[in-house]
Number of protein chains: 2
Amino acid sequence: MRWTNIGIVTTKEVPAEAELISHQLLLRAAYIKKISQGIFVYGHLALKVIRNLESIIREEMEKANAVEIFMPMVQPADLWKTTGRWNKMGDTMLRFKNRTQQEFCLGPTHEEVVTEYIKPFIKSYKNLPLNFYQIQTKYRDEIRPRFGLMRGREFIMKDAYSFDINLEQAQKSYYDMYKTYQNIFNRLGVVYRVVQADTGDIGGSQSHEFHLLADSGEDMLLVSDASDFAANSEICKTLSTKERQKLFKENFNKEEVKKLKQKLVETPNIKSIADLSKFLSIKEDQLVKTLFFNIKTEKTVKKETQECIEPVVILVRGDYDVNPYKLKNLLKATEVELLSEKEVIALTGANPGSCGPVNLKGQAKIYADFSVEELVNYTVGANKTDYHMQNVNHSDFSCKEFFDLRWAVAGDLSPDGKGKLVEYRGIEAGHIFYLGTTYSEKLKAEFLDSNGKTCPVEMGCYGMGVSRLMQAIVEQSHDEDGMIWPMALAPYKVHICLLDPKDEQVSKICEEVYQALISEGVSVLLDDRKERPGFKFKDADLLGMPLRLTFGARSLKEGGVELVERKTHDKKLLPVNTVVKTILEKIKL
Amino acid sequence: MRWTNIGIVTTKEVPAEAELISHQLLLRAAYIKKISQGIFVYGHLALKVIRNLESIIREEMEKANAVEIFMPMVQPADLWKTTGRWNKMGDTMLRFKNRTQQEFCLGPTHEEVVTEYIKPFIKSYKNLPLNFYQIQTKYRDEIRPRFGLMRGREFIMKDAYSFDINLEQAQKSYYDMYKTYQNIFNRLGVVYRVVQADTGDIGGSQSHEFHLLADSGEDMLLVSDASDFAANSEICKTLSTKERQKLFKENFNKEEVKKLKQKLVETPNIKSIADLSKFLSIKEDQLVKTLFFNIKTEKTVKKETQECIEPVVILVRGDYDVNPYKLKNLLKATEVELLSEKEVIALTGANPGSCGPVNLKGQAKIYADFSVEELVNYTVGANKTDYHMQNVNHSDFSCKEFFDLRWAVAGDLSPDGKGKLVEYRGIEAGHIFYLGTTYSEKLKAEFLDSNGKTCPVEMGCYGMGVSRLMQAIVEQSHDEDGMIWPMALAPYKVHICLLDPKDEQVSKICEEVYQALISEGVSVLLDDRKERPGFKFKDADLLGMPLRLTFGARSLKEGGVELVERKTHDKKLLPVNTVVKTILEKIKL
């Protein structure tokens, strides 16, 4: 491909909104162009990377017997109403009416459509297992699109769906896809971690995320320093006292601390734990935070869904934070929301910074985190503005049970009993879910088992963000000059800089090598612009093809063509007649 | 690929709404599944055909130096407002607001986005020409989706856009694409015609459509029996008297007919031309129809667009019909609409069937079709219900000018002066437009020419319906048993029927040949289901792969494997060790 055909013009400037280096580089090199917030044109070079990604994904999916289909982007509301997700999905699902007032959405995911699709094909257990996937444009109406392709509105995704006769087979399908994802990420040559994850809007009971590690990643991952354990911090377990005793043989037979007498202390204008700690000269881990959440749940009464909202009180050690994902999962809530200052005052009579579990008015149920379990003689708010209560103990508000409710942090003991947790930041590029029969029951995707019994089909779903992967790879693989594409993904493997396009002899030799490489099946980008050498080299570094060849009058006189490797900047002067052979060898490495 | 992986189940039944045989076959063979009106899942086999189509399209586009990119499906309203198409596009463009109340549409076409995309790349005339294309999902909110993929709402299209420095270069780009389209259709092996066409909502001044010929086609094509002339009936010219004299040397120096005196005749309850002809015993070609249309036009006064609606009167010979496309183009209207009966009565005082141009009340301007030019002493409505006027002549209502306003029909003289027109029906699969600077002026897509002058870029656009093509090809290539795929497009080139999957020896031989073919790069569908032979053969015919191999205990005993060609039903018994070689030869033919 000749540069003058692609026509792109690179720039030095990037808009201020492009915070990530990968976003900046993709914009500067004209790989992508923003058309609206979170909506992009993929230029030719970006599309080539995406096609290369897709090829690797397809090959590995097909090895796992997954079959490619293509589902619509515009989906009718009925299907989503049947599964109950029409309401559940929230505002990130874009809904609209067509000209005849029928309701539709732009598909953010395809569980409903694929389940509808396979229904006629699974009359008997003999028709199973099946696994269908697609590579399709998806749409999520992100409230604040950012980071370029990382959190866009319109994006390209690979999504697969497995169908099995029972839990055992479904688990096999799940782990086949787990392995397939590992194969894909291994082939991409990226640095990644697989972590346990939350199931979110998709539902189901088990899920893993595949993260590319990068300091700019939006997700916090916690990984054991002594085992394979890894989890998204959203769901990373913390251990109870009992579990720590069992798994780590910690000795808790410490001498019992004598319970002291409660004491009310004035704490004027103290609102944060840090200030309280300083003011009272008590370490944060001897303080207990009291937080109030509204818990939204749904109950089905006589086939009608009723929504119920009630406040709860959460206690957590002063140096930790409450993890709302855990709270949501514990209480099977559809939503959890921190109470506003006003609401807290209405409930307790005191400012939020001065609230505590002792003598609390009202009926809000109290849930204490594991981190509170071993505390004695601790300090809490007194439910009186600017006062705290010292020497409080569990019996003072009858707290008998403790729950896993805080964010795990680096240094925590690993939940699998091996080692301590270390923090990484990750970019989520894949997410797999075991769904069970959540969708098949509602959509009546049923088969007859070997006993002639009608059963809902067991499902799993498996997403991979194709356009996001492209940018995540740049985030992992670049230097100060630009992108560095791995050979398997590069838009073009070879970037030719023709330095003297007006010199007939140089142009002729360059054209011959260009054609020879193409006829050997090598993808080549030929910079045939009438620009200065320095300008062309800078652009070559920015665009990031793995191998650069330079055809200039001077180097040809010196005996050849310069080959530069993008990653290492290694240079070599090749005699013209060895160029094709050398390139072919480099590519096969 | 094994059938049990694809999982599809074929059916004999088709919904009544599937009128076209191609639609029926695609549904019966589970190539597609309807999810909503005009919205389909493309099953694995359909997707394979589409991928094959795409490959051919890509190869030919790239030969013409067109560069592939990928534009978003969701497009911001601003761009469309800038070109004025946000209002102009009508209800087939699906518009919606996102969660922050910004307006968007689902892209029915991409002129606006691509023009915005190329703006930074065309600073100088040296950056041109450029040609970008994409293969993308498009959406049109058809009021009545029908004929399966022929007139769906969500569909797959290839659309290309050319950018040039001047008209001459733009015409070259246009004819390069014309040739590229011919190359594509030739490679597909379809029977097609290129015809002159209307430019519709896209605008521009020149366009051609590429039609697959089929009796079920929605479009009427008129083609000369003596030349290359071909046009969609929407725009097919008819000739004026002068043109016929000039082109066909017709002798019009007939003796002059004496004008007779007007005569009012009562024509009770006569409403149609056919009835009038019978009642008066006058041939339809001596009668003149009078029709009333509302013409909607837009005028820009002081930068504001004003809409203007006024009625016009159209005269056409009794045996012809008024072509609203021609009327729209002649009067540069945004819309033309036949007046209702009430409106006609309000305007003329008479029922629509009794109206005429003589003594017509009001100011409506009269336009007469060429077909009226040579008439003398003709009959028209008398503007009095149940009365007609005989022996009317042009001077009776001062009609001096005639226009091309009727539908051309088979038997008409060819507008290029060679031969007569013949009718064909066609399925539009491609449409190319010369756009000029319609879009570039409004979106300020400008470059500096060699004199340093700022000029809007010259554009062309080139569409091809990929998903529609798939169905159109079935419409052209099928028999009573099912589809017949040409080798280049077949989802799988070879369909293996394994008749005795429980017979180990047969299965082993079959598996060996299956694997050998795959390792030679041949795509093979292996029917490994536990079904009766007759059932499998019927399905093989329905699915339509070009070559069928049958592995059964009986035929193996008889010395080999049966090869059947789908198109001709030719059968041959091949020794097992020659199967791969024979298949490879057949495929290369």
Side-chain angles (χ1 to χ4, degrees), chain A residues 1-2 4-9 11 30 33 35-37 39-44 46-47 50 65 67-76 79 91-92 94 96-100 102 104 106 113-114 116-118 120-123 126-128 130-132 136-137 139 141 143 153-154 156 530, chain B residues 1-2 4-9 11 30 33 35-37 39-44 46-47 50 65 67-76 79 91-92 94 96-100 102 104 106 113-114 116-118 120-123 126-128 130-132 136-137 139 141 143 153-154 156 530:
Chain A
M1 179 63 76
R2 290 164 209 275
T4 49
N5 278 345
I6 304 180
I8 55 167
V9 173
T11 57
K33 180 191 167 88
I35 288 295
S36 180
Q37 286 296 329
I39 300 179
F40 297 87
V41 172
Y42 299 89
H44 178 68
L47 186 61
I50 284 175
N65 284 331
V67 169
E68 191 175 6
I69 62 173
F70 196 68
M71 293 183 275
M73 186 161 158
V74 172
Q75 304 180 12
L79 287 174
D91 285 342
T92 53
L94 199 140
F96 59 84
K97 286 182 181 170
N98 75 354
R99 65 192 292 175
T100 56
Q102 287 171 286
F104 290 90
L106 282 189
V113 171
V114 77
E116 187 65 19
Y117 173 66
I118 57 97
F121 305 154
I122 58 159
K123 282 170 185 145
K126 291 177 194 162
N127 302 127
L128 295 164
L130 290 171
N131 185 332
F132 292 103
Q136 215 338 359
T137 299
Y139 198 88
D141 205 11
I143 183 83
R153 283 181 172 149
E154 188 170 317
I156 302 169
K530 292 183 184 108
Chain B
M1 179 63 76
R2 290 164 209 276
T4 48
N5 278 345
I6 304 180
I8 55 168
V9 173
T11 56
K33 181 192 168 88
I35 289 295
S36 181
Q37 286 298 328
I39 300 179
F40 297 88
V41 172
Y42 298 90
H44 178 69
L47 185 61
I50 284 174
N65 284 332
V67 169
E68 190 174 8
I69 61 173
F70 195 70
M71 292 183 274
M73 187 162 159
V74 172
Q75 304 180 11
L79 288 174
D91 286 342
T92 53
L94 198 140
F96 60 82
K97 287 182 181 169
N98 75 354
R99 64 192 293 175
T100 57
Q102 287 170 286
F104 291 89
L106 282 189
V113 171
V114 78
E116 187 65 20
Y117 173 67
I118 58 97
F121 305 154
I122 58 160
K123 283 171 185 145
K126 291 177 195 163
N127 302 127
L128 296 163
L130 289 170
N131 186 332
F132 293 103
Q136 214 339 358
T137 299
Y139 198 88
D141 205 12
I143 184 83
R153 285 181 170 148
E154 188 170 319
I156 302 168
K530 291 181 186 111

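Below, chains carry the letters A, B, ... as their sequence lines are ordered, and counting in each starts from 1. Quantities reported herein were computed from a predicted structural model and do not represent experimental measurements.
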Counting only N and O atoms by type, is there a donor-acceptor contact under 3.5 Å from the side chain of H44(B) to the main-chain atoms of E68(A)?
yes

Taking all atoms of both residues into account, what is the closest heavy-atom pair of I39(B) and P72(A), and its distance?
CG2-CB, 3.3 Å

Smallest separation among heavy atoms of G7(A) and L130(B), with atom names
CA-CD2, 3.7 Å

Side-chain touch [X]/[Y], heavy atoms, less than 4.5 angstrom:
| X | Y | answer |
| --- | --- | --- |
| V74(A) | R153(B) | no |
| L106(B) | L106(A) | yes |
| R99(B) | T92(A) | yes |

Region of L94(A) that comes under 4.5 Å of a non-hydrogen atom in chain B:
side chain

Sort K123(A) into side chain, backbone, both or neither according to what part of it lies under 4.5 angstrom from a heavy atom of chain B.
side chain

Need one label for [X]: side chain, backbone, both or neither, based on atoms under 4.5 Å from any heavy atom in chain A.
| X | result |
| --- | --- |
| Q102(B) | side chain |
| K530(B) | neither |
| R2(B) | neither |
| T137(B) | side chain |
| I35(B) | both |

With rounding to the nearest 0.5 angstrom, report the [atom1] to [atom2] distance, [X] to [Y].
| X | Y | atom1 | atom2 | result |
| --- | --- | --- | --- | --- |
| M73(B) | Q136(A) | CE | CD | 8.0 Å |
| D91(B) | T100(A) | CG | OG1 | 10.5 Å |
| E154(B) | F104(A) | CD | CZ | 10.0 Å |
| M71(A) | L47(B) | CE | CG | 11.0 Å |

Residue from S36(B), A30(B), A46(B) scoring the most non-hydrogen pairs under 4.5 Å with chain A is S36(B)

So which of L128(B), N65(B), I50(B), I118(B) has the biggest tally of heavy-atom pairs under 4.5 Å with chain A?
N65(B)

Set of residues satisfying salt bridge (Lys or Arg N to Asp or Glu O under 4.0 Å) with respect to E116(A), sequence neighbours excluded:
K119(A)

Residues at least two apart in sequence or cross-chain that pass ring-ring contact (aromatic ring centres under 6.0 Å, His included) with F132(A), listed by chain then number, are Y117(A)

Looking at chain B, which one of I122(A), V41(A), I6(A) has the largest number of heavy-atom pairs inside 4.5 Å, strictly under?
V41(A)

Largest heavy-atom contact set with chain B, pairs under 4.5 Å, which of I143(A), L79(A), T11(A):
I143(A)

Give the ring-plane orientation class for F96(B) versus F96(A), where under 30° counts as parallel, over 60° as perpendicular and anything between as tilted.
parallel

